[in-house]
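Quick one: the structure is below, and I'll ask about it shortly.
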Amino acid sequence: MRDAVVFTNLKKTFGSSKSKVQALDEVSFQVSDGEFFGLLGPNGAGKTTLINILGGLTAPTQGSAFVFGMDVQKKSQNVRKNIGIVPQELVFDPFFTVKESLKIQSGFFGLKNNDSWIDECLFELGLEEKSDANMRSLSGGMKRRVLIAQALVHRPPIIILDEPTAGVDVELRENLWVFIKKLNSLGHTIILTTHYLEEAEQLCNRVAFMNRGKLSSIQNVSDFVNQPGGIRTVFKETLKIE
């Protein structure tokens, strides 16, 4: 099976020489095409920095990231066509309706006549009744749904979800995972960061545990799902959290 994503000896340092923060420290691993992969770790572990490098939002201090063999730094335009990122922050344009926002997002990727897929995303994410609503009128949970739809609008083979269900209602969480599991079954690669350990245990094939910018371990979920305490015990032991 080919690799969808490869990280090689990634380092990322923020700040000046007097106050450096090592966000990533020699991180290397790969995610297989079609895999449902989890990134777990406490705040400040380096998960979002890793995703920002993959999305071309920040450059590594050292090392490389690849998407289907394409260097993220050298082939950024081609890489963007292959990934869809759902960020933690609620970023939206307040001047358009939900459906207009998705059509504009489609245009960024040169897509025309994309209405049928947009309508499917709206349906699967429970946004049908809000399609003509202005973005600024939506609740936080509904805005989160639109961000997810925007990330999916060009049908990327790799979908990256950075804490997608943090602070949202149970209904969205359930609808989202039904839809994402469907996409994964159709061959999409999913990379998920989450604070909900049980969520990762139920959804992912493998999980990477990170702490203080370092990769602690990568484990198959099937290896610990039947252990006493399941993923929570492994998480504490791997990261040495009391």
Exercise. Go through the steps to decide whether S101 and Q105 satisfy the test side chain to side chain contact (heavy atoms under 4.5 Å, CB included), and finish with yes or no.
Key: CA-CA 6 Å; S101 296; Q105 187 75 7; over 6 Å; no
Quiz item: Do you know the tightest heavy-atom contact between L152 and P156?
Solution: O-CD, 3.7 Å
Quiz item: Is K181 positioned over the aromatic face of F179, cation under 6.0 angstrom from the ring centre and no more than 45 degrees off axis?
Solution: no
Quiz item: Is the shortest heavy-atom distance from the side chain of N205 to the side chain of V221 under 4.5 Å?
Solution: no
Practice problem: Could you pull out all residues at least two apart from F29 that satisfy ring pair (Phe, Tyr, Trp, His ring centres under 6.0 Å)? | Solution: F7, F37
Practice problem: Check for a donor-acceptor pair, side chain of D71 on one end and backbone N or O of Q73 on the other, with a separation under 3.5 Å. | Solution: yes
Quiz item: Taking the side chain from S106 and the backbone from L102, do they hold a donor-acceptor pair closer than 3.5 Å?
Solution: yes
Quiz item: Going by heavy atoms in the side chains, are E26 and K214 under 4.5 Å from each other?
Solution: no
Practice problem: Apply the test salt bridge (charged side-chain N to carboxylate O under 4.0 Å, His left out) to residues R206 and E35: give CA-CA distance (whole Å), side-chain angles for both, the deciding distance (0.1 Å), then the verdict. | Solution: CA-CA 8 Å; R206 289 191 302 153; E35 188 171 14; 2.5 Å; yes
Quiz item: For the residue pair G213 and V27, what are the closest heavy atoms and their distance?
Solution: O-CG2, 3.4 Å
Quiz item: Between T97 and M135, is any pair of side-chain heavy atoms under 4.5 Å apart?
Solution: no
Exercise. Show your working on side chain to side chain contact (heavy atoms under 4.5 Å, CB included) between Q30 and V5 and close with a plain yes or no.
Key: CA-CA 6 Å; Q30 69 282 332; V5 174; over 6 Å; no
Practice problem: Please lay out, stage by stage, how D3 and D33 fare under the test side chain to side chain contact (heavy atoms under 4.5 Å, CB included). | Solution: CA-CA 5 Å; D3 291 328; D33 190 15; over 6 Å; no
Quiz item: Between E199 and W177, does a side chain to side chain donor-acceptor pair (under 3.5 Å) hold up when you go through it step by step?
Solution: CA-CA 9 Å; E199 197 168 69; W177 294 134; 2.7 Å; yes
Quiz item: Can you name the ring pair (Phe, Tyr, Trp, His ring centres under 6.0 Å) partners of F109, sequence neighbours left out?
Solution: H154
Exercise. Report the residue from D132, D115, D119 that forms a side chain to side chain donor-acceptor pair (under 3.5 Å) with K99.
Key: D119
Practice problem: Kindly determine whether T193 and D162 satisfy side chain to side chain donor-acceptor pair (under 3.5 Å), including the steps that lead there. | Solution: CA-CA 5 Å; T193 79; D162 193 7; 2.6 Å; yes
Quiz prompt | Option from Q62, R212, M210 for which side chain to side chain contact (heavy atoms under 4.5 Å, CB included) with L24 holds | solution = M210
Quiz item: Is the closest basic N to carboxylate O distance between R155 and E120 below 4.0 Å?
Solution: no
